[in-house]
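One-based numbering, in listed order, for ligands and for the atoms of each.
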Amino acid sequence: MSKSIQQVLEQDSLTKENIIQLLKSAGEDEKALFAKSSEIKLNYIGKNVHFRGLVEFSNICKKDCLYCGIRAGNKNVDRYDIADQEILKAAKFAYDNNYGSVVLQSGERSDKEFVDRIENLLKEIKILSNNELGITISLGEQTKETYQRWFNAGAHRYLLRIESSNRELYEKIHPKNDNHAHATRLKCLKDLQDIGYQTGTGVMIGIPFQTYEDLANDLLFMKEFDIDMVGMGPFIEHDETPLYEYRDQLMSLNDRFRLTLKMIAVLRILMKDINIASATALQAIDPLGREKALRIGANIIMPNITPTNERANYLLYQNKPCIDEGADDCTNCMEARINMADGVIGYGEWGDSRHYANRRKNS
Ligand code: SAM
Ligand code: SF4
């Protein structure tokens with residue numbers, strides 16, 4: 001006989017079957033799950049929410065992930081690459097407005113010019129902020145040497161989503177070639193961790209062919225890998241990508257949204273002291289999506305500070321929110337939203353993953 005959700009939530013650890021049961025919960029059971037994860041979040045993390053000012057500085061990408069609107073094969077995208085001075089201006093905005101941290105994200109490139117340029121930008125951001133801004137980067141798969149150079153230049157957190165811990169599923173949502181190998185992704189995550197980055201990963205929720213068991217395994221993978229930070233969001237189809245063909249097989253957007261919240265809640269129960277980001281894609285489905293995620297377990301939010309004129313071209317999926325707001329509008333809107341979710345913004349703080357500190361202490 002299967003246990004009640006209450007019994008499962010009282011256990012010290014969760015099995016894969018328990019996790020699947022929690023991910024499938026609805027009604028009162030779902031409420032009990034969210035109550036438990038909120039309580040854990042308040043006990044371990046508190047009400048603080050930390051900002052990461054997000055600069056999506058280029059949509060030029062050499063890869064062809066089958067789900068992504070800015071994949072190299074999509075010839076309908078206007079490609080852009082924001083000038084260094086504009087990126088630095090955005091970082092200065094984050095510094096002047098006490099954001100504490102920035103995230104630099106783009107399509108994947110690994111040519112020498114790109115690697116040198118990022119190294120230089122990282123150093124410049126450190127200089128313009130008197131070493132005070134924390135820097136996360138999310139620039140895809142690179143050699144260990146490149147990761148090390150960027151770490152030495154000042155980046156200390158890296159986000160590289162595993163997309164799926166199931167190799168077979170990973171292969172279904174990527175082209176079959178060396179440029180898109182699951183083994184490389186795993187090696188990259190390991191390299192990042194070995195170098196000393198706060199290492200972040202994540203998955204999309206509701207991709208074609210994905211099962212509850214896959215998602216439970218993804219959460220167990222994050223725990224097993226001892227990951228420091230996670231960003232997970234609903235998959236949102238884009239009509240200029242190959243996976244669009246499977247749109248009829250997807251669960252409804254609302255179900256993807258609810259499942260994402262449940263994934264965040266279960267992850268908070270499994271990994272009490274990590275940083276969990278409230279993904280922008282949540283807001284594309286529900287205007288209050290990110291606030292709901294903060295209430296039930298997330299503690300990081302990434303206001304978009306990309307110069308407004310380029311935002312509309314970084315369309316990973318359709319209906320992306322906030323593509324026509326300036327960075328100032330974004331800050332004011334965020335503050336109101338976080339207050340609404342009963343959170344307190346940790347202005348001027350890095351808001352590092354406590355898990356990272358604990359992991360380093362114990363190693
Ligand atoms: N190019 C880098 C990389 O792939 O790691 C960083 C940028 S990439 C656009 C960031 C994340 O966007 C990916 O890891 C993927 O999970 C997410 N993404 C891409 N297409 C998406 C879609 N259609 N719906 C939701 N998320 C998507
Ligand atoms: Fe490029 Fe990242 Fe999109 Fe893949 S997910 S196509 S690497 S931007």
Inset, instruction - Could you see which bit of L316 sits under 4.0 Å from ligand 2, with heavy atoms only: side chain, backbone, both or neither? - result: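 The answer is neither; L316 stays 4.0 Å or more away.
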
Which protein heavy atom lies closest to [atom], and at what distance to 0.1 Å?
atom                    : value
atom 22 (C) of ligand 1 : I236 O, 3.6 Å
atom 4 (Fe) of ligand 2 : C65 SG, 2.3 Å
atom 2 (Fe) of ligand 2 : C61 SG, 4.6 Å

Inset, instruction - Please say whether the positively charged group of K24, taken as NZ for Lys or CZ for Arg, lies over the ring of Y212, i.e. under 6.0 angstrom from the six-membered ring centre and within 45 degrees of the axis. - result: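 Geometry flag: set, cation within 6.0 Å and 45°.
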
Inset, instruction - Output the list of atoms in ligand 2 that are nearer than 4.0 Å to some heavy atom of G107, sorted by atom number. - result: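 It comes down to these atoms of ligand 2: 8 (S).
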
Legend entry - Exercise: do N304 and T306 side chains pair donor with acceptor under 3.5 Å: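 The answer is yes; a qualifying pair exists.
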
Below 4.0 Å from any atom of ligand 1, is there a heavy atom belonging to [X]?
X    : value
C65  : no
G233 : no
M204 : yes

Close-contact set for ligand 1 against [X] heavy atoms, below 4.0 Å:
X    : value
Y314 : 7 (C), 9 (C)
Q105 : 6 (C), 7 (C), 10 (C)
P234 : 25 (C)
S138 : 6 (C)

Inset, instruction - Can you label the angle between the F57 ring and the F114 ring as parallel, tilted or perpendicular, going by 30° and 60°? - result: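 Parallel, since the angle between the ring planes stays under 30°.
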
Inset, instruction - With salt bridge (Lys or Arg N to Asp or Glu O under 4.0 Å) as the test, would you mind laying out the steps for R149 and D116 before giving the verdict? - result: CA-CA 9 Å; R149 276 176 61 189; D116 292 349; 2.7 Å; yes

[X] to ligand 1: N or O pair under 3.5 Å?
X    : answer
R161 : yes
E163 : yes
R185 : no
S106 : yes

Legend entry - Minimum non-hydrogen distance to atom 5 (S) of ligand 2, winning option of G73, C68, G140: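 Among G73, C68, G140, the closest heavy atom to atom 5 (S) of ligand 2 belongs to C68.
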
Legend entry - Option whose closest heavy atom lies nearest to atom 3 (C) of ligand 1, chosen from G140, S58, G231: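 Nearest option to atom 3 (C) of ligand 1, by heavy atoms: G140.
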
Do [X] side-chain atoms and [Y] backbone N/O form a donor-acceptor pair below 3.5 Å?
X    : Y    : result
N43  : I40  : no
Q283 : T280 : no
H50  : N299 : no

Inset, instruction - State whether any protein heavy atom lies less than 4.0 Å from atom 7 (S) of ligand 2. - result: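 Given the 4.0 Å limit, the answer for atom 7 (S) of ligand 2 is yes, a protein heavy atom qualifies.
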
Inset, instruction - Apply the test side chain to side chain donor-acceptor pair (under 3.5 Å) to residues N177 and H180: give CA-CA distance (whole Å), side-chain angles for both, the deciding distance (0.1 Å), then the verdict. - result: CA-CA 6 Å; N177 57 39; H180 298 83; 2.8 Å; yes

Legend entry - Spacing of CD1 belonging to I264 relative to NZ belonging to K41, to within rounding of 0.5 Å: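 Between atom CD1 of I264 and atom NZ of K41 there are 10.5 Å.
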
Legend entry - Matching residue for Q198 among D228, N275, D352 - test: side-chain hydrogen bond (donor to acceptor under 3.5 Å, both in side chains):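 That would be D352.
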
Legend entry - Residue of the set F151, Y356, Y147 for which ring pair (Phe, Tyr, Trp, His ring centres under 6.0 Å) holds with Y158: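 By the ring pair (Phe, Tyr, Trp, His ring centres under 6.0 Å) criterion, Y158 pairs with just one of F151, Y356, Y147: Y147.
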
Legend entry - Ion pair check, E240 and R71, cut-off under 4.0 Å: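 No, this pair does not count.
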
